[in-house]
There are 2 protein chains.
Amino acid sequence: MDKFPASRRATNIEYAIRDVVVPARELEKQGKKILKLNIGDPLAYHGFPTPNHMIEAFYKGLKGQQNGYSPSYGLPELREAIAYDESQKINGGWDCKSDDVYVCHGVTEALQIIFAAFLQQDDKVLAPGPHYPPYMAYPQLFEGQTVEYSLNEENGWSIDLEDLESKMDDKVRLIVVINPNNPTGGIADKNHLKKIIDIAGKWPHCAVISDEIYDKINFKGNHYSTASLSDDVPVITLNGVSKVYYAPGWRVGYMAWHDPEKKLSLVRDGAERLLRSRLCASTPAQLGYLAGLQSNKDWMNDYTNKLLEQRDICIKRVQSIDGLKVTKPEGAFYMFIRITDEQWKSNDKGFVLKLLKEEHLLLVHGSGFSHKYGQGHFRIVFLPSPKILNEAFDRISRFLTV
Amino acid sequence: MDKFPASRRATNIEYAIRDVVVPARELEKQGKKILKLNIGDPLAYHGFPTPNHMIEAFYKGLKGQQNGYSPSYGLPELREAIAYDESQKINGGWDCKSDDVYVCHGVTEALQIIFAAFLQQDDKVLAPGPHYPPYMAYPQLFEGQTVEYSLNEENGWSIDLEDLESKMDDKVRLIVVINPNNPTGGIADKNHLKKIIDIAGKWPHCAVISDEIYDKINFKGNHYSTASLSDDVPVITLNGVSKVYYAPGWRVGYMAWHDPEKKLSLVRDGAERLLRSRLCASTPAQLGYLAGLQSNKDWMNDYTNKLLEQRDICIKRVQSIDGLKVTKPEGAFYMFIRITDEQWKSNDKGFVLKLLKEEHLLLVHGSGFSHKYGQGHFRIVFLPSPKILNEAFDRISRFLTV
């Protein structure tokens with residue numbers, strides 16, 4: 001049978017997480033119950049519901065028949081509220097205007113638009129290793145490529161500036177900072193962010209993407225916005241309703257373009273053309289997010305404190321298990337654990353697959369987040385309840401001590 | 001100032017509709033009230049609200065905390081309901097299984113994924129002229145290009161098969177059928193659809209996209225599904241909640257892959273990789289759509305009858321105005337009117353801009369839907385109430401008789 005050929009760009013997309021999800025589904029089909037610590041979705045567990053006042057505002061939009069298309073760049077009142085939120089940050093408020101904000105179908109859509117507008121053949125994106133997978137998958141959709149810079153695990157997964165700088169050349173169009181980082185939970189140092197801006201500024205056409213989708217899940221309160229530190233280098237901040245407002249299934253994110261010297265006017269025109277061509281983000285969902293931004297946010301502290309307690313339970317458990325080691329995450333809800341066990345330290349995928357098979361516990365192997373910098377690790381999500389987290393570590397401990 | 005360069009693919013996106021929307025906004029800023037017949041969104045007018053049972057099902061999902069990510073291909077129960085709906089069509093039910101259905105953030109996202117998975121450098125997409133603008137904008141995002149085939153205005157905007165066939169070559173990967181058509185409202189003849197399948201089948205790697213997003217808005221009940229007519233040539237059907245379920249702002253659409261001989265297995269694998277990389281469509285919105293699919297649809301006939309009445313008012317008015325001529329649309333809610341007036345017949349954009357300026361009525365110029373095949377026309381939307389439609393034609397009549 002003659003098969004129709006697929007495009008190179010599509011077949012090149014890797015999806016390492018699937019390598020573990022498929023065997024997990026097989027086990028489920030056999031009637032096994034799998035304990036899952038693999039999904040970065042607060043709603044997949046039970047302790048972090050979407051706040052009711054956001055749900056009711058969403059519903060009010062639905063009932064009020066706000067079910068039509070909205071402006072392609074987002075509802076004006078939401079863009080205004082996001083701009084205000086960016087400008088009022090305790091650590092790093094910056095001069096964000098509503099015109100700088102573009103509302104998207106999640107950060108993944110914003111990323112596609114950014115890469116589509118910036119990249120030409122052989123252009124490069126520098127992204128941290130390990131990283132959230134779309135940073136590797138998407139640039140090559142648009143003829144570009146991703147080059148990883150390393151993070152320093154021993155020093156809180158801080159950005160290795162020397163390594164980053166050594167990888168710069170005139171093909172690098174974007175440097176990506178994920179802060180707090182997924183999968184490590186690392187928070188970038190303010191001085192490191194400044195230096196990244198300096199590095200980008202030495203090259204003629206290099207901007208910075210600052211993915212801050214976990215910004216308010218920051219246990220020491222030391223997260224700093226990248227955009228606030230730049231007077232000239234363009235910085236695009238990414239954020240949305242998914243993580244810190246606990247509503248990922250609503251699919252509303254944004255990009256906010258900080259470009260004091262208007263260097264990006266051509267790129268931005270291209271991004272705006274792309275935005276207009278694809279209509280809009282969900283209209284009533286934008287009203288739910290708006291309510292979140294405009295209402296009291298004390299509940300968010302309660303959620304963060306609960307996450308902090310759960311993090312500490314995991315840290316304690318990791319420290320008590322021979323064969324594991326972890327750098328404490330200071331943000332997000334992930335932990336990127338190093339396997340020091342002799343048998344498994346060079347085979348994280350084998351470790352995860354065997355653990356799944358024997359203990360029915362699902363984690364994600366570190367090499368799924370970076371072939372080069374993620375190996376020898378696995379990622380857990382500490383969103384489940386203390387009881388489930390303890391059960392998970394009981395299983396890991398049993399597996400490693402057999 | 002040294003501007004950062006934008007990608008060619010982004011700057012190449014044309015957005016003709018903006019050429020008239022920008023001057024309309026200017027007039028609004030000056031305090032003028034503009035009568036708008038330009039927006040293909042039922043919710044932008046007042047006679048076609050989203051049905052309440054769909055809103056309540058959506059809300060139930062929100063309240064039930066179904067606010068997390070859903071499977072990348074869509075909620076299983078929604079995929080099942082869509083497959084059932086495709087298989088039960090009175091005119092052209094086909095053997096659609098839930099695995100054939102992929103739920104997307106509207107048909108625009110489905111289109112991006114299809115083109116990204118199919119197209120390589122210089123591949124071609126054949127699309128009708130005139131057409132919905134993304135069919136021109138998106139293929140070139142992925143190194144392809146769109147070639148238009150003509151529609152026969154004198155014969156109900158039917159597909160000109162001879163012209164289509166003359167444009168086939170081994171670079172054509174996709175033939176697009178928009179049925180009912182936007183902007184013409186034309187319904188494709190069943191025999192023409194069969195012949196398109198035959199034409200595609202003569203070439204080794206050509207599939208068909210059948211955009212049926214307006215399928216149930218069909219005044220003679222003669223719409224036929226393309227997929228049902230093919231035993232071998234792959235047909236991808238597009239549809240969703242936006243138009244016939246009157247909820248475009250919810251952003252839920254789908255693509256259903258009919259591929260009896262599994263010719264697309266490689267392309268489909270690529271499309272699935274793309275789908276997984278971008279997470280999912282709105283989770284609670286999918287539940288709203290599901291309620292629409294599973295509930296009684298008598299309300300839909302009422303809506304269609306109302307549209308038919310409004311169409312007939314417009315037809316009558318057009319026929320009474322010297323300088324206009326129209327082929328009666330048998331589906332969707334658009335009318336593509338030919339300007340026969342000597343002064344304007346070669347300048348549709350000038351006509352629309354001057355009408356906007358003098359009569360404060362906003363239409364879209366035909367060349368915005370195709371430089372080649374749309375000129376000398378304008379599109380109106382007959383969703384507004386009879387009173388507003390009559391007022392609009394009063395203004396057009398006055399403008400042309402001055």
Side-chain angles (χ1 to χ4, degrees), chain A residues 1-11 13 15 18 41 43-44 49-50 55 58-59 62-63 65-70 105-106 108 116-120 134 137 141-142 204-205 207 247-251 261-267 269-271 273-274 276-279 282-285, chain B residues 1-11 13 15 18 41 43-44 49-50 55 58-59 62-63 65-70 105-106 108 116-120 134 137 141-142 204-205 207 247-251 261-267 269-271 273-274 276-279 282-285:
Chain A
M1 168 57 67
D2 179 35
K3 303 284 184 198
F4 288 28
S7 73
R8 207 177 36 248
R9 81 179 73 76
T11 49
I13 292 184
Y15 188 69
R18 189 171 162 80
D41 174 357
L43 276 295
T50 310
I55 289 172
F58 194 143
Y59 179 50
L62 291 169
K63 282 299 273 187
Q65 290 294 341
Q66 302 211 41
N67 299 320
Y69 296 123
S70 40
H105 180 65
T108 43
F118 269 88
L119 302 178
Q120 298 265 51
L141 284 185
F142 303 106
H205 298 136
W250 293 7
R251 313 306 302 118
E261 297 188 349
K262 311 268 178 232
K263 292 176 179 177
L264 294 183
S265 55
L266 301 177
V267 183
D269 176 69
R273 286 167 185 269
L274 288 158
R276 291 193 299 263
S277 74
R278 98 326 172 197
L279 299 166
S282 161
T283 306
Chain B
M1 168 58 64
D2 180 33
K3 303 286 184 197
F4 287 28
S7 73
R8 207 177 37 248
R9 82 180 71 78
T11 49
I13 292 184
Y15 189 69
R18 189 171 162 81
D41 174 356
L43 277 295
T50 310
I55 289 172
F58 194 143
Y59 179 50
L62 290 168
K63 280 300 272 187
Q65 290 295 339
Q66 302 212 38
N67 300 320
Y69 297 122
S70 40
H105 180 67
T108 44
F118 268 88
L119 302 178
Q120 298 266 49
L141 284 185
F142 303 106
H205 298 135
W250 292 7
R251 313 305 302 117
E261 297 189 351
K262 308 274 179 226
K263 292 177 178 176
L264 293 183
S265 55
L266 302 176
V267 182
D269 176 69
R273 286 167 185 269
L274 287 158
R276 292 193 299 263
S277 74
R278 100 320 176 204
L279 299 165
S282 162
T283 306

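Below, each value reflects all heavy atoms present in this structure, side chains not excepted, and no hydrogens, waters or symmetry copies. Below, chains carry the letters A, B, ... as their sequence lines are ordered, and counting in each starts from 1.
Residues A/Gln65 and B/Ile55 are in side-chain contact: their nearest non-hydrogen atoms beyond the backbone lie under 4.5 Å apart. The shortest distance between side-chain heavy atoms of A/Leu62 and B/Thr50 does not fall below 4.5 Å.
In this structure, chain B has heavy atoms under 4.5 Å from both the backbone and the side chain of A/Arg273. Using a 4.5 Å cut-off between heavy atoms, A/Thr108 touches chain B through its side chain atoms alone. In this structure, chain B has a heavy atom under 4.5 Å from the side chain of A/Pro134, while its backbone stays farther away.
Remark: A/Thr11 pairs with no residue by the side-chain hydrogen bond (donor to acceptor under 3.5 Å, both in side chains) rule, at least two apart or across chains. Applying the side-chain hydrogen bond (donor to acceptor under 3.5 Å, both in side chains) rule to A/Thr283 yields the partners A/Ser70; only residues at least two apart in sequence or on another chain are considered.
If you take CG on A/Leu266 and OG on B/Ser7, they are separated by 11.0 Å, rounding to the nearest 0.5 Å. Taken from NZ in A/Lys3 to NZ in B/Lys262, the straight-line distance is 8.5 Å, to the nearest 0.5 Å. Between the NE2 atom of B/His105 and the CZ atom of A/Arg251 there is a distance of 9.0 Å, given to the nearest 0.5 Å. A distance of 9.0 Å separates CZ of B/Arg276 from CD1 of A/Ile13, quoted to the nearest 0.5 Å.
Between the side chain of A/Asp41 and the backbone N or O of B/Tyr69 there is at least one donor-acceptor pair closer than 3.5 Å. At least one donor-acceptor pair closer than 3.5 Å links the side chain of A/Arg9 to the backbone N or O of B/Ala116.
Heavy-atom pairs under 4.5 Å with chain A peak, among B/Ser265, B/Ser282, B/Ala271, B/Pro5, at B/Pro5. When each of B/Ala285, B/Pro204, B/Pro248 is checked for heavy-atom pairs under 4.5 Å with chain A, B/Pro248 comes out on top. Of the residues considered (B/Phe118, B/Trp250, B/Tyr59, B/Phe142), B/Tyr59 shows the highest number of contacts with chain A, using heavy-atom pairs under 4.5 Å. Here B/Ala117 is the residue among B/Ala247, B/Gly270, B/Ala117, B/Gly106 with the most heavy-atom pairs under 4.5 Å with chain A.
Between B/His205 and A/Phe4, the two ring planes are perpendicular [angle over 60°; tilted spans 30° to 60°].
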